[in-house]
Amino acid sequence: MRSLINILDLSTGEIEELIQVANDIIKNPKAYSDKCRGKKLATLFFEPSTRTRLSFEAAMYELGGNVLGFSEAMSSSAAKGESVADTIKTVSCYADIIAMRHPKEGAPLVASMNTEIPIINAGDGGHNHPTQTLADLLTIYREKGSLNNFTIGFCGDLKFGRTVHSLIAALSRYEGIKVVLVSPKELRIPNYVKTELLEKNKIEFTETTELEEVISELDILYMTRVQRERFFSEEEYLRLKDSYILNEEKLINAKKDLAVMHPLPRVNEISVSVDNDDRACYFKQVLNGKYIRMALMLKLLEVE
Ligand code: CP
């Protein structure tokens, strides 16, 4: 059985297929309402989540299946010292597919090596978040009509932001993508993303600390939260947390068809007033996340 650990586990053809299925579900949800009758999804969340867990659960219910699981490590036997491998072997006796979030990088990969059922990485530490990337790609496709030929700015915590790392990995396979990296010096993108993804795939990119200087060039602006939970020092977090706050004034110089994206949760980095701007796409991303997860589960469960 196939798992999804890293977005690059899917070919660009498979991503296109998922986007087509998600678009079809959006148009015709009733046709899918019984597709997973009798199937069970386990959501194992060892780290907090609102969107990812609930969208997986809503997705399985809308496919006619059922859901079991836990939303915090302390309510599972992990609190008594059970290993990820033993937890997965156990849950595999009860479920057909598992969506798992864990603070340790690589934990979903370990899980996939200990079961015959599909594991979906729902976020592992500061590493990867492939289903957020699928939600982002569906949003870009629906807003821009293509996954090629645009300039995208990533702004905020590019060091710890796993959604940024996964989306850059996905976009590095498309044509005509330009990347603008906007962050404080302390939160720059990890070197491996630059060398292994951007440079290796000949993606044009620039780095800056000033959002205002580049905002007018962008077709997409992907804002991110400073990831408090991954900082070693609270003092350092407090110093950096409000490095960028997007508001209507800063959007004056932006393109009229800019798409403002954010994986959410937002803390302070986008003013609430921006929510009413036609360019705000982050709640569309939330909804798209449910549809693409429906398409993904149909694929991994090999449902026709
Ligand atoms: N985007 C995202 O992963 O949100 P949650 O942490 O609420 O799941």
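Numbering of ligands and ligand atoms starts at 1, following listing order.
- Counting only distance, with no hydrogens or angles, the side chain of Glu82 and the backbone of Lys80 share no donor-acceptor pair below 3.5 Å.
- When every heavy atom of His165 is checked against every heavy atom of Pro190, the shortest pair comes out as NE2-CD, 3.4 Å.
- Within 4.0 Å of ligand 1, protein heavy atoms come from Ser49, Thr50, Arg51, Thr52, Arg101, His129, Gln132, Pro263, Leu264.
- A salt bridge is defined here as a Lys NZ or Arg NE, NH1 or NH2 lying under 4.0 Å from an Asp or Glu carboxylate O, and Lys178 with Glu217 fails to meet this definition.
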| message | Go through it in stages, so that I can follow the logic: the residues are Lys159 and Glu236, the test is salt bridge (charged side-chain N to carboxylate O under 4.0 Å, His left out), and I'd like the CA-CA distance, side-chain angles, deciding distance and then a yes or no. | response | CA-CA 14 Å; Lys159 180 178 179 183; Glu236 182 81 335; over 6 Å; no
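- Between His102 and Phe46, the ring planes lie tilted relative to each other; the angle falls in the 30° to 60° range.
- What you find for Ile220 and Met261 is that their closest heavy atoms are CG2-SD, 3.7 Å.
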